[in-house]
Amino acid sequence: MVEAQALALQDYRVNVSASGIVKAQTQTNLVAEVSGKVLEISPNFQDGGYFDKGAPLLKLDADNYANAITIAAGDLAQKQLALEEQQAQAQLAQRDWNLLDSSKNRPQSDLAARRPHIAAAQAAIAAAEAKLQQEKLNLSRTRITAPYSGRVQEKRVEVGQYVTPGTVLGVIYATDAVEVHLPLSLAQYDLLGMPEAFRDKAADPAAMPAVEFRPSNGNRSDVWQGQVVRSSAALDEKSRQISVIAQIDQPFIAREGVSAPLRIGQYLNANIAGKLFNNVYILPSAAVRQGKEILLLRDGKVAVQPINVVWNAEKEVVFQTDTDLKGQRVITTPLPLATEGQAVQVAGEKKPQAKPADPPQESKP
């Protein structure tokens, strides 16, 4: 007693399963560029807080830098006055020279002596202007603003703390997109049919496979849609695997079907859309014997049919054959010992009745 189903040609999209950890696409150590005491911290600059691009995050004591600007501005004014004095003396020397008889070939001693002093005064002004601009830049750096819209991963300072240049104030990351690195075997990678990127030829983004993500634990009904954007440049030396990098856009915006935002370091299961096989047959795994043949049902008997398996999924097998099997019935009940021509009966179907023999005819005397 067996079960059977009719075969039909179908198109089949391979889905490659993988898993990986969520990583920030853009992550930054927020570093102090000037010294000072922390006076203010934005309410958004807390672990897990969100902020917009250009939003103020911290404020340092700026009194020293405001005073430095005043001093630099005074020094610049003195340098400008010195230049004006040198230029005035040069003008007097030029006037005196013009009054003399040029035929006497008298040297321009006074005018020539002024030129180095003027050049030095001009150089001093340039240095003073640069100093003033630097002090203004230092003053602006006492207010730390967000370089992009993002989220605070870690805050490392408190109000009243004195910081110096190079002190890490916190760790932030952009919220416009995150990445998930998905390690695959070479066989799995080949099934994706990904376009390759060369030095002189970029890969077509539109040809990259789509990815569906689900959490490995917690609320498994949450689903995020992403897309593979590139592959790693090298194989892992130990596992001999290659990683593809998938991107999820705007993962922190509330949307239907998602109960919680993604978190950096979260483990996700991925389902990657791979190659599309056209005109193939699909059967439950139990219906394929020894991974290379199926059992057809012909006139109530078993017919062994070799097949060419193109993909083994978890619960189904995709295969092709050189023979057209469309519409033929295949036995889906496992029969590991069945042989060619063995009689079987399909469950729920009546066994064909044998045609009764004709009654014997009486002989006439």
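For reference, positions follow the sequence shown, starting with 1.
- Here the shortest heavy-atom pairing between P183 and S19 reads CD-O, 3.4 Å.
- Of the possible donor and acceptor atoms, none in the side chain of T26 sits under 3.5 Å from a partner among the backbone N and O of A174.
- Here R156 pairs with E154 in a salt bridge; the nearest charged N to carboxylate O distance falls below 4.0 Å.
- Here the CD1-CD1 distance, from I41 to I144, works out to 10.0 Å after rounding to the nearest 0.5 Å.
- Under the 4.5 Å side-chain heavy-atom criterion for Ile, Leu, Val, Met, Phe, Trp and Tyr, L295 and V330 are members of distinct hydrophobic clusters.
- By the rule that hydrophobic residues join a cluster once side-chain heavy atoms approach within less than 4.5 Å of another member, L262 and Y50 end up as members of one cluster.
- A donor-acceptor distance shorter than 3.5 angstrom exists from the side chain of R289 to the backbone of A338, with no hydrogens or angles considered.
- Taken from CZ in R230 to CD1 in I245, the straight-line distance is 4.5 Å, to the nearest 0.5 Å.
- Scanning all heavy atoms of the two residues, the minimum distance from R214 to V223 falls at NH1-CG2, 3.0 Å.
- When all heavy atoms are compared, the tightest approach of V309 to G291 is CG2-O, 3.4 Å.
- Linking Ile, Leu, Val, Met, Phe, Trp and Tyr residues whenever their side-chain heavy atoms come within less than 4.5 Å places L139 and L132 in a single cluster.
- Classification of K23 and E179 as a salt-bridged pair fails, no side-chain N sitting under 4.0 Å from a carboxylate O.
- Grouped by direct or indirect side-chain proximity (heavy atoms under 4.5 Å, Ile/Leu/Val/Met/Phe/Trp/Tyr only), L276 sits alone.
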Fill in: From CA spacing to verdict: side-chain contact (heavy atoms from CB on, under 4.5 Å), I172, Y148
CA-CA 10 Å; I172 60 175; Y148 46 72; 3.5 Å; yes
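- Side-chain N or O atoms of T142 include none that pairs as donor or acceptor with a backbone N or O of N138 at under 3.5 Å.
- Between the side chains of Y189 and Q241, not a single donor N or O lies within less than 3.5 Å of an accepting N or O.
- Minimum heavy-atom separation, L192 to A273: CD2-O, 4.3 Å.
- Applying the 4.5 Å side-chain rule to ILVMFWY residues, one finds that Y162 remains a lone member of its cluster.
- Atom CG of D299 is surrounded by 12 or fewer heavy atoms from other residues, nucleotides or ligands within 6.0 Å.
- Ion pair R240/D236 not flagged as a salt bridge, since none of the NZ, NE, NH1 or NH2 atoms sits closer than 4.0 Å to an Asp/Glu carboxylate oxygen.
- Around the CD atom of E3, the shell of radius 6.0 Å holds no more than 12 heavy atoms that belong to other residues, nucleotides or ligands.
- For the side chain to side chain contact (heavy atoms under 4.5 Å, CB included) test with V302, the passing option among L296, L297, T339, I331 is I331; the others fail.
- Remark: the backbone N or O of A126 is not paired with any side-chain donor or acceptor of E129 at under 3.5 angstrom.
- Across every non-hydrogen atom of V244 and M194, the tightest pair is CG1-SD, 3.8 Å.
- How far CG of L182 is from CG of N269: 10.0 Å, rounded to the nearest 0.5 Å.
- Distance check, rounded to the nearest 0.5 Å: CG of L169 to CG of L57 gives 9.5 Å.
- Atoms CG and CG, on N278 and L9 in that order, are 10.5 Å from each other to the nearest 0.5 Å.
- Counting heavy-atom neighbours within 6.0 Å of D322 CG, excluding the residue itself, gives a total of 12 or less.
- Between the T323 side chain and the L325 main chain, no donor and acceptor come within less than 3.5 Å of each other.
- In this structure, S185 contributes its side chain and Q188 its backbone to a donor-acceptor pair below 3.5 Å.
- Taking the side-chain hydrogen bond (donor to acceptor under 3.5 Å, both in side chains) definition, one finds that E158 meets it with K155, sequence neighbours left out.
- Side chains of Q25 and Q247: a donor-acceptor N/O pair is present below 3.5 angstrom, by distance only.
- The environment of E256 atom CD is sparse: at most 12 non-hydrogen atoms of other residues, nucleotides or ligands sit within 6.0 angstrom.
- In terms of modelled atom types and a separation under 3.5 Å, the side chain of S149 and the main chain of K53 share a donor-acceptor contact.
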Practice prompt. I would like to know whether V317 and I282 meet side-chain contact (heavy atoms from CB on, under 4.5 Å); could you show each step before the answer?
Written response: CA-CA 6 Å; V317 175; I282 306 171; over 6 Å; no
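- With hydrophobic clusters built from ILVMFWY side chains whose heavy atoms lie under 4.5 angstrom apart, L283 does not share a cluster with V310.
- Put simply, L184 and Y267 are part of two different groups of oily side chains (I, L, V, M, F, W, Y) that touch within less than 4.5 Å, one to the next.
- In this structure, E212 contributes its side chain and Q225 its backbone to no donor-acceptor pair below 3.5 Å.
- Checked by atom type and distance alone, the side chain of D222 pairs as donor or acceptor with a backbone atom of S259 at under 3.5 Å.
- Checked against the 6.0 Å centroid criterion, the rings of F319 and Y281 qualify as a close aromatic pair.
- The closest donor-acceptor contact from the side chain of T28 to the backbone of L30 lies at 3.5 Å or more, if one exists at all.
- Residues V211 and A270 come closest through the heavy atom pair CG1-CB, 3.8 Å.
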Worksheet entry | Stepwise side-chain contact (heavy atoms from CB on, under 4.5 Å) check, Q122 with I125 | CA-CA 5 Å; Q122 290 173 336; I125 288 176; 5.7 Å; no
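- With rounding to the nearest 0.5 Å, the separation of CG in L81 from CD in Q78 is 8.0 Å.
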